[in-house]
Number of protein chains: 2
Amino acid sequence: MSTADRLIESTRELLWERGYVGTSPKAILERAGAGQGSMYHHFKGKPDLALAAIRRTAEELLGTAEEVLGGPGTPYERIEAYLLRERDVLRGCPVGRLTMDPDVVASDELRAPVDATIARIRERIARIVEEGKRQGQFAAHLDGEEVAAAVLATVQGGYVLARASGSPAAFDAGVRGLLALLRPAAEDGTTTERDAHVDPAGHGA
Amino acid sequence: MSTADRLIESTRELLWERGYVGTSPKAILERAGAGQGSMYHHFKGKPDLALAAIRRTAEELLGTAEEVLGGPGTPYERIEAYLLRERDVLRGCPVGRLTMDPDVVASDELRAPVDATIARIRERIARIVEEGKRQGQFAAHLDGEEVAAAVLATVQGGYVLARASGSPAAFDAGVRGLLALLRPAAEDGTTTERDAHVDPAGHGA
DNA sequence: GTCTATAGGGAGATAGAC
DNA sequence: GTCTATCTCCCTATAGAC
């Protein structure tokens with residue numbers, strides 16, 4: 001791994017752990033095992049290095065999300081897989097946490113990849129919800145964009161609840177709560193008062 | 001307002017805007033119009049002052065939440081009121097945002113009021129959901145604690161989405177999405193495939 | 001109670017040797 | 001490309017005068 005790569009990787013780790021404001025060039029250099037000269041040779045400064053790190057993290061997160069959301073299964077199952085996918089809950093979201101960083105939000109350049117990542121995942125989920133509506137798996141009155149926002153918010157907010165309590169349990173509870181609200185009647189496993197017309201094969205209504 | 005109060009208030013504002021790591025005693029003193037001596041006379045240091053500020057903010061937030069959650073209306077309406085209550089969305093949650101602060105999470109003392117506040121609101125919402133279940137307004141298979149976690153997570157995560165995009169729209173979308181999933185069939189305003197046995201008077205099944 | 005002075009260390013960046 | 005030296009300013013805290 002090149003020095004520039006090591007710098008980026010160290011920055012990614014520190015941004016995740018301590019955020020932008022809490023991350024100093026010195027800490028990055030120590031973790032990367034590099035000197036100041038290396039950093040200022042490859043990057044213009046802290047914001048420039050952070051931008052490279054954020055872009056890489058954003059790309060990776062987008063890939064991870066697409067792996068699950070583009071996987072097999074019904075729309076509900078794919079959203080379920082996204083919500084239940086393995087996460088390092090107490091570490092939080094490496095992209096979402098940046099929105100709490102005043103310097104990141106204040107910089108259009110640093111915020112752009114954060115915004116783009118979240119927007120793309122949200123659009124992806126929205127399309128899946130719309131697909132589920134066409135298949136009769138989700139109620140017709142639901143709005144894809146809105147449900148997608150609720151799904152994403154539950155994940156991002158789940159991290160907040162988990163970190164507040166110091167335990168991943170609250171994250172899991174929120175996810176289970178949302179899934180229970182989202183679950184098609186056919187998968188309820190209960191004698192339900194709901195009576196959705198579900199197409200179990202998932203090939204459309 | 002006493003000097004100690006001005007210090008606490010300035011700290012509250014700065015913690016909200018910039019978090020713990022991003023807030024320096026110097027900035028606090030400037031905003032409060034006080035000198036270093038005042039601060040170190042009334043407080044042991046930055047963590048001590050921050051603790052006082054966090055406690056006050058937590059108490060205030062708890063009061064605001066109880067105002068809405070303890071208000072009139074059916075269980076659904078009270079949760080709706082909580083989700084739709086006026087918020088300074090782009091500023092985020094003054095308590096929730098602290099969970100992204102490494103120094104706050106690392107300190108049991110600073111994290112305690114954050115944890116307690118979120119836990120209490122969650123328990124309050126959970127009780128309301130259970131009440132709604134008894135009244136037949138919410139499906140019997142829902143778990144109060146889980147739905148409450150989903151509600152809180154949607155709010156906390158909504159702030160993340162909003163700040164990422166620089167617009168409150170995403171917060172509102174997430175809230176609307178969750179409310180659509182939570183809404184009793186009787187209030188759908190659509191010819192629905194759901195068929196819940198709702199008790200419109202809200203006096204129990 | 002509040003002020004100014006002082007202090008050791010870190011943040012963020014530049015310069016120039018190798 | 002990478003290193004060390006250096007620089008200025010800020011961070012957090014203490015001391016002691018008023």
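The analysis underlying the following values was restricted to heavy atoms, covering all of them including side chains, and did not include hydrogens, waters or symmetry mates.
D/dC18 atom C1' lies 14 Å from atom NE2 of B/H41, rounded to whole Å. Atom pair B/I28:CD1 and D/dC11:P shows a separation of 11 Å (rounding to whole Å applied). One interatomic measurement links the two molecules: CG of B/L7 to C1' of D/dA13, which rounds to 15 Å at whole-angstrom precision. Rounded to whole Å, atom P of C/dG10 lies 14 Å from atom CG of A/L29. Residue A/L14 contributes atom CG, which lies 14 Å from atom C1' of C/dA11 at whole-angstrom precision. Remark: P of D/dG16 and OH of B/Y40 are 17 Å apart, rounded to the nearest angstrom. The distance from atom CE of A/M39 to atom C1' of C/dA15 is 16 Å, rounded to the nearest whole Å.
With 3.5 Å as the limit, one finds a donor-acceptor pair spanning the side chains of B/R12 and B/T57. A/Y159 and A/R87 form a side-chain donor-acceptor contact under 3.5 Å, judged by distance and modelled atom types alone.
OP1 or OP2 of D/dT2 lies within a sub-4.0 Å distance of a side-chain N or O belonging to A/T3. The shortest distance between the side-chain N/O atoms of B/S24 and the OP1/OP2 oxygens of D/dC11 is below 4.0 Å.
Using a 4.0 Å heavy-atom criterion, one finds that B/S2 contacts no nucleic acid atom at all.
Proximity of B/P113 to B/V95: side-chain heavy atoms (C-beta onward) are nowhere separated by under 4.5 Å.
Note on A/E59 versus A/R56: no salt bridge recorded, every NZ/NE/NH1/NH2 to OD/OE distance being 4.0 Å or above. Ion pairing of A/E17 with A/R31 is present here, as a side-chain N (NZ or NE/NH1/NH2) and a carboxylate O approach within less than 4.0 Å.
The nearest heavy atom of DNA chain C to A/K26 and to B/H42 marks one nucleotide each, and the one closer to the 5' end goes with B/H42.
Under a cutoff of 6.0 Å and an axis angle of 45°, B/R91 and B/W16 form a cation-pi pair. Remark: A/K46 fails to qualify as a cation-pi partner of A/Y40 under the 6.0 Å distance and 45° angle criteria applied to the six-membered ring.
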Just the table, please: protein N/O against nucleotides 3-6 of chain C N/O, every pair under 3.5 Å.
residue : atom : partner : partner atom : Å
C/dC3   : OP2  : B/G35   : N            : 2.7
C/dC3   : OP2  : B/S38   : OG           : 3.2

| said: As a quick check of understanding, evaluate salt bridge (Lys or Arg N to Asp or Glu O under 4.0 Å) for B/R120 and B/E123, giving each step before the final call. | reply: CA-CA 5 Å; B/R120 287 187 58 180; B/E123 286 158 16; over 6 Å; no
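Residues from residues 43-55 of chain A with heavy atoms under 4.0 angstrom of DNA chain C, sorted by number: A/G45, A/K46.
Shown are A/E67, A/E131, A/E66; of these, the salt bridge (charged side-chain N to carboxylate O under 4.0 Å, His left out) with A/R78 is made only by A/E131.
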